[in-house]
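Structure first, commentary second.
Residue numbers begin at 1 in each chain, while the letters A, B, ... track the order of the sequences.
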There are 2 protein chains.
Amino acid sequence: MTAVTVKRDTASTVQCMKAMSDPTRLLIMKLVQKKAYCVCQFVDMFEMSQPAISQHLRKLKMAGLVREERRGQWRFFSMNDEFGARDLVLSILNQLDDEDETLRAIQSKEKAVSCD
Amino acid sequence: MTAVTVKRDTASTVQCMKAMSDPTRLLIMKLVQKKAYCVCQFVDMFEMSQPAISQHLRKLKMAGLVREERRGQWRFFSMNDEFGARDLVLSILNQLDDEDETLRAIQSKEKAVSCD
DNA sequence: TCATTATATAAGTCTTTGGTTATATAATTC
DNA sequence: GAATTATATAACCAAAGACTTATATAATGA
């Protein structure tokens, strides 16, 4: 049973694609598809500065692809299931190899957060 | 009968998405999916300068999304069906609305080429 | 061969992007 | 309430993008 894809206009398609057309953001989307992560986890996994990660997350959030949730001193990000272009996002993520080396390397660096 | 999608790595996915993450190039891909167009047709349809169109086409060609064919003094561009990330391209184009206003407006400006 | 037509390329400009460092804010813990 | 921890934001910078104008190339046709 395949859902009928809601067709989208050019502008919103381009906006969504631009948000995901970066290796860091594409992989963040791949990760949050499965569960929520907090900023500091991404910092560890991507071995990237905290401001750099924050800015990538802001872009994804502004574009509507992720949602933010506060838990104590942490902010968790997860996939926004109410996003209009959700089908587009999923079809892109779906053809991204789960065995991809870059993805694997990043996943292997995941650390638990105290509140978990 | 749905074809099995070949999973792709992060780098090639991002490269393909970047090539399509522009309204002009996304719509060019939508157009060449159906048939080949020459540069001068795109210039008319997108109401954009010839060098600008040439440069967009070069990007698409360099990324492997389109192929070029000479017919007399014209150069026709069509979708490259041998492209590795073809499934990704098609799934993106597939969810782009055929009734999209921008697309319609561009299609309405199509003119015939002498050699047609 | 010369003018015309179709296209590419080069060089310049302006904007956007993705990082940096420094600092602000807000919750937690001592 | 002071120090610590998590995060955001601001200001800056270098590189990439998307145009522009000017010019080169290549095929066509007189």
Side-chain angles (χ1 to χ4, degrees), chain A residues 10-11 14-29 32 36-63 65-78 102 106 110-116, chain B residues 10-11 14-29 32 36-63 65-78 102 106 110-116:
Chain A
T10 305
V14 168
Q15 199 200 359
C16 172
M17 289 180 63
K18 276 194 176 171
M20 298 218 297
S21 291
D22 172 273
T24 305
R25 293 196 297 272
L26 180 65
L27 290 172
I28 286 178
M29 289 309 296
V32 298
Y37 287 84
C38 80
V39 180
C40 62
Q41 287 180 302
F42 288 133
V43 170
D44 288 336
M45 296 166 80
F46 288 91
E47 297 182 49
M48 193 172 280
S49 76
Q50 176 266 313
I53 291 291
S54 256
Q55 285 159 26
H56 280 304
L57 289 169
R58 182 168 54 181
K59 283 202 177 177
L60 290 172
K61 194 186 168 194
M62 289 297 96
L65 282 79
V66 300
R67 59 195 204 81
E68 189 182 344
E69 178 202 349
R70 283 177 108 115
R71 291 186 210 165
Q73 60 194 134
W74 296 276
R75 300 197 187 185
F76 278 76
F77 289 82
S78 53
T102 320
I106 282 161
E110 179 178 342
K111 291 178 197 162
V113 177
S114 321
C115 72
D116 274 353
Chain B
T10 305
V14 167
Q15 199 200 359
C16 172
M17 289 180 63
K18 276 194 174 170
M20 299 219 297
S21 292
D22 171 273
T24 304
R25 292 196 298 272
L26 181 65
L27 291 171
I28 285 179
M29 289 308 297
V32 298
Y37 287 85
C38 81
V39 180
C40 63
Q41 288 180 303
F42 288 134
V43 170
D44 288 336
M45 296 166 81
F46 287 91
E47 296 181 50
M48 193 172 280
S49 75
Q50 176 267 314
I53 291 291
S54 256
Q55 285 159 25
H56 280 305
L57 289 169
R58 182 168 53 180
K59 283 204 176 178
L60 290 173
K61 193 186 168 195
M62 288 297 97
L65 282 79
V66 300
R67 58 194 207 84
E68 189 182 345
E69 178 201 349
R70 283 177 108 115
R71 290 186 210 165
Q73 60 193 137
W74 296 276
R75 299 196 187 186
F76 279 74
F77 288 84
S78 52
T102 319
I106 283 162
E110 179 177 344
K111 291 178 197 160
V113 177
S114 322
C115 72
D116 275 352

A/Y37/A/E110 under side chain to side chain contact (heavy atoms under 4.5 Å, CB included): CA gap, chis, key distance, verdict: CA-CA 10 Å; A/Y37 287 84; A/E110 179 178 342; 3.3 Å; yes
Nucleic acid contacts of residues 46-59 of chain A, taken as heavy-atom distances under 4.0 Å to DNA chain D: A/Q50, A/P51, A/S54, A/Q55, A/R58
A/L27 and its side chain to side chain contact (heavy atoms under 4.5 Å, CB included) partner, picked from A/V32, A/D22, A/I106: A/I106
What's the [atom1]-[atom2] distance between [X] and [N], to the nearest Å?
X      : N      : atom1 : atom2 : result
B/R75  : C/dT9  : CZ    : C1'   : 11 Å
A/M62  : C/dT17 : CE    : C1'   : 17 Å
B/K111 : C/dA6  : NZ    : P     : 11 Å
B/E69  : D/dA27 : CD    : P     : 15 Å
B/R71  : D/dT28 : CZ    : P     : 14 Å
A/Q41  : D/dT5  : CD    : C1'   : 15 Å
B/K18  : C/dT16 : NZ    : C1'   : 12 Å
A/F76  : C/dA27 : CZ    : C1'   : 14 Å

Bracket notation of DNA chain C in which parentheses pair within the strand, [ ] cross earlier pairs, and | pairs with another strand (Watson-Crick or G-U, under 3.5 Å): ||||||||||||||||||||||||||||||
Any residue meeting side-chain contact (heavy atoms from CB on, under 4.5 Å) with A/S54, in chain and number order, not counting sequence neighbours: A/V39, A/Q50
OP1 or OP2 of C/dA6 under 4.0 Å from side-chain N/O of B/R70: no
Minimal non-hydrogen separation, [X] against [Y], with atom names:
X     : Y     : answer
B/L65 : B/M20 : CD2-CG, 3.4 Å
A/A36 : A/R71 : CB-NH2, 4.0 Å
A/W74 : A/C38 : CD1-SG, 3.7 Å

Polar side-chain atom of A/Q55 near backbone of A/A52 as donor-acceptor pair, under 3.5 Å: no
A/R25 side-chain N/O to A/A19 backbone N/O, donor-acceptor pair under 3.5 Å: yes
Trace of the side chain to side chain contact (heavy atoms under 4.5 Å, CB included) decision for B/H56 with B/F42: CA-CA 10 Å; B/H56 280 305; B/F42 288 134; over 6 Å; no
Residue whose closest nucleotide on DNA chain C lies nearer the 5' end, A/T24 versus A/Q73: A/T24
Touch class at under 4.0 angstrom, heavy-atom based, for A/F77 against every strand present: sugar-phosphate
